[in-house]
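Below is one structure, written out as structure tokens, with a few remarks after it.
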Amino acid sequence: MTLIRSLISCGIVLFVSQTNGAQITEERTSVPAHLSGYTTQSSSPEREWEKKFQDGILRENLRDNVRRMSARPHHVGSPYDKDNAEWILAKFKDWGFDAHIETFQVLFPTPKERVVELVQPTQFRARLQEPPVPGDPTSNQTAEQLPTYNAYSIDGDVTAPLVYVNYGSREDYEQLDRLGISVKGAIVIARYGENWRGTKPKVAGEHGAIGCIIYSDPKDDGFYQGDDYPKGGWRPKEGVQRGSVMDTDYPGDPLTPGVGATADAKRLPVAEAKTITKIPVLPISWGDALPLLSALAGPVAPEKWRGALPVTYHVGPGPAKVHLRVSSNWDLKPVNDVIATLRGSEALDQWVIRGNHFDAWVNGADDPLSGMSAVLEEARMLSELHKQGWNPKRTIIYCAWDGEEPGLLGSTEWVETHGEELQKHAVAYINSDSNGRGFFRASGSHDLEKLINDVAREINDPEKNIPVWQRARLSRIANAKNQEDRAEIRKRSELAIGALGDGSDYASFLDHAGISALNIGYGGENDADSYHSIYDDFNWYTHFVDTDFAYGRALAQTGGTTVMRLADADVIPFEYAGMADTIGKYVTELEKQLKEKQDEITERNLELKEGLFTAVADPRKTSVPPPHETTPPYMNFAPLKNGVEAIKRSAERYESAVAKAQADGAPVLSAQALDSLNKDLLNIQRTFLTERGLPERPWFKHQVYAPGAYTGYGAKPIAAVREYMDEKKWAEAEAQVPAVAKVLEDVAAAIDKAADDLRSVSGR
Ligand SMILES: [Zn+2]
């Protein structure tokens with residue numbers, strides 16, 4: 001189209017808000033004169049369509065969607081997973097989307113043999129089976145249920161003394177060293193929680209263990225928290241958390257790192273896939289864990305290590321001796337992604353992408369269908385608006401991912417296959433996953449922080465009748481650690497969003513392809529947890545979680561409004577001052593981490609010299625003093641700080657270019673000028689990537705956002721530097737600083753380019 005569009009035509013127009021200073025709450029929750037990225041003129045039809053959209057979201061549909069898709073188990077490769085894919089495809093087609101299924105062939109191991117047995121001092125064979133619950137109509141679909149296991153455990157058959165390792169974190173092994181206990185040649189038993197499950201066998205293997213058992217302690221998600229299922233919603237005695245333990249070198253198919261797992265893709269031999277565990281691992285229930293833990297002797301576990309079982313927690317090793325056998329069918333299985341497109345009317349080569357996965361470990365009413373049902377309801381309502389005359393400027397792509405649970409398989413293979421075109425066209429990717437009652441939550445790339453704040457200000461909390469933004473903010477104040485944190489929340493005009501790790505399908509978009517991303521949902525008031533068990537089903541969800549789908553409706557309203565806002569904006573509403581502020585905080589955290597380590601090690605070395613550890617230890621108990629360590633040297637973070645300052649300056653230039661455009665009165669931006677400005681904006685997030693990626697994990701290209709090698713789902717901002725610091729490799733950490741700083745300078749230059757382009761077209 002060559003139509004001249006009036007970007008700034010009447011009176012007060014500001015398409016990027018400049019409210020970074022403090023204002024009072026009342027002002028911030030009131031509706032601004034225009035939307036970010038819009039003119040006053042384009043704001044009002046947008047608002048009307050969004051309102052219509054929000055009003056049209058129906059809870060009955062959400063309920064029906066969850067009921068339909070959770071009716072049978074539907075893990076990767078199962079008949080009902082395929083059935084769901086086809087049902088979702090038919091829905092999108094019905095609604096007028098241009099939709100298809102894209103299939104990949106991925107390595108997905110399913111259990112063949114599973115044994116956990118106590119062989120000494122007494123004998124006990126673990127049941128490894130979740131029993132059906134009377135009154136729960138899907139819990140008895142035993143034939144179709146995937147048995148309890150951890151996907152991507154290596155095959156193994158080991159017998160060894162048992163050691164209890166708490167959550168199995170690196171710190172827990174330091175504590176074991178102090179107790180004089182080694183796990184070399186042992187099988188460890190760790191409880192679920194605190195860290196990501198894949199960390200447990202990884203760290204155990206690094207310390208010489210030959211097998212790993214993970215159990216669900218009732219203190220974390222069972223009867224200690226509340227009544228267990230079916231009386232309440234908490235994990236029952238025999239409930240087991242399945243889950244992937246795929247290592248974090250790269251997500252997606254282990255056999256095709258970096259490329260799409262298409263039928264003819266070149267594949268690694270299974271033995272060369274880096275992301276399969278080094279030692280065998282199986283998950284068990286607390287019912288199965290109790291006899292094992294009861295049979296342990298050795299020192300009593302440190303107080304923080306004790307769970308809620310009615311035994312004295314001992315660490316071992318032995319006399320409990322355990323036999324662990326795991327083997328899998330190492331087959332290729334199809335994953336079927338459903339991709340549905342609603343073509344834009346003007347900027348059709350700019351894509352706004354929205355997604356959620358639909359595969360589950362078993363019936364998966366909560367994980368993932370509570371989110372997937374909302375995404376479908378959004379798509380239905382968008383198509384409804386489309387019929388009524390709403391035409392999004394940009395192209396909208398709805399994605400229903402398969403194979404998320406084993407390792408983000410469907411989304412990763414899709415992004416790897418379409419990487420080049422995505423980098424050219426993708427505006428942003430908006431993800432959701434499980435959804436529940438409670439508070440609005442968002443994480444993502446910080447160029448979208450303001451946008452998601454704006455949207456959350458307009459969504460109503462269904463149970464409190466206040467904006468979800470306001471409720472989230474007040475809950476953060478209520479839960480803040482100290483006065484400083486409370487002051488920070490009150491001062492900031494936007495609610496800070498968290499950084500993304502790799503807990504769901506956004507990972508490849510942001511970390512590998514440099515596409516701005518958000519993950520959104522509601523939660524925090526679920527008096528229930530049956531994560532990755534057969535009890536996460538329709539009956540359980542509708543009794544104990546979002547029973548009337550009020551928060552499912554809020555999620556659909558939030559997700560769909562975000563999509564519309566991005567799809568219709570004149571100028572894509574990215575914001576960079578807040579982004580610079582957040583990256584600045586990450587750099588401060590690095591400095592703080594170094595200082596704390598220096599203080600901690602200096603103090604400990606002094607205590608060693610004083611003979612403190614030997615003097616205070618109970619001579620009747622084993623206690624090993626910690627090793628002497630070299631105090632970390634000072635590091636030069638100045639290049640990073642300069643990079644952050646450069647981004648801050650560029651962000652200001654961009655905002656003032658916006659302000660100037662406003663002050664100039666009524667300049668006219670051609671469609672072409674708008675298009676080129678928006679393309680500049682898309683390029684900014686891509687600039688965070690480097691070709692060589694993170695030093696030890698080259699698949700991860702983004703230099704600010706990445707999951708940690710030992711945190712899995714959790715994020716480790718500026719991982720190139722931080723991960724070496726975590727490993728106390730100070731010189732290696734410092735060596736990474738210049739390259740990351742260069743990326744920050746490049747990002748600043750990319751923002752400058754957008755500012756310059758805007759000045760040149762509007763400054764006449
Ligand atoms: Zn999920």
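Note that ligands are numbered from 1 as they come in the structure, with each ligand's atoms numbered from 1 the same way.
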* Contact check: E404 to the Zn ion (ligand 1), N/O/S below 2.8 Å ->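 Given the 2.8 Å cut-off, E404 does not count as a ligand of the Zn ion (ligand 1).
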* Asked: Going by distance alone, is a donor N or O of one side chain under 3.5 Å from an acceptor N or O of the other, for Y535 and D537?
  ->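 Not at all, the side chains of Y535 and D537 share no donor-acceptor pair under 3.5 Å.
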* Distance-only polar pair, side chains of N356 and S432, donor-acceptor under 3.5 Å ->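 Short answer, yes.
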* To do: Measure from the Zn ion (ligand 1) to every N/O/S atom of D367 and report the name of the nearest one.
  =>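 The D367 atom nearest to the Zn ion (ligand 1), restricting to N, O or S, is OD1.
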* Does a salt bridge link D461 with R471, judged by any charged N lying under 4.0 Å from a carboxylate O? ->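 R471 and D461: salt-bridged.
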* To do: Round to 10° and report the angle made at the Zn ion (ligand 1) by OD1 of D433 and NE2 of H357.
  =>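 For OD1 of D433 and NE2 of H357, the angle centred on the Zn ion (ligand 1) reads 90°.
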* **Check: N150 main-chain N/O paired with S153 side-chain donor or acceptor under 3.5 Å** =>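 Checking the backbone N and O of N150 against the side chain of S153, no donor-acceptor pair under 3.5 Å is found.
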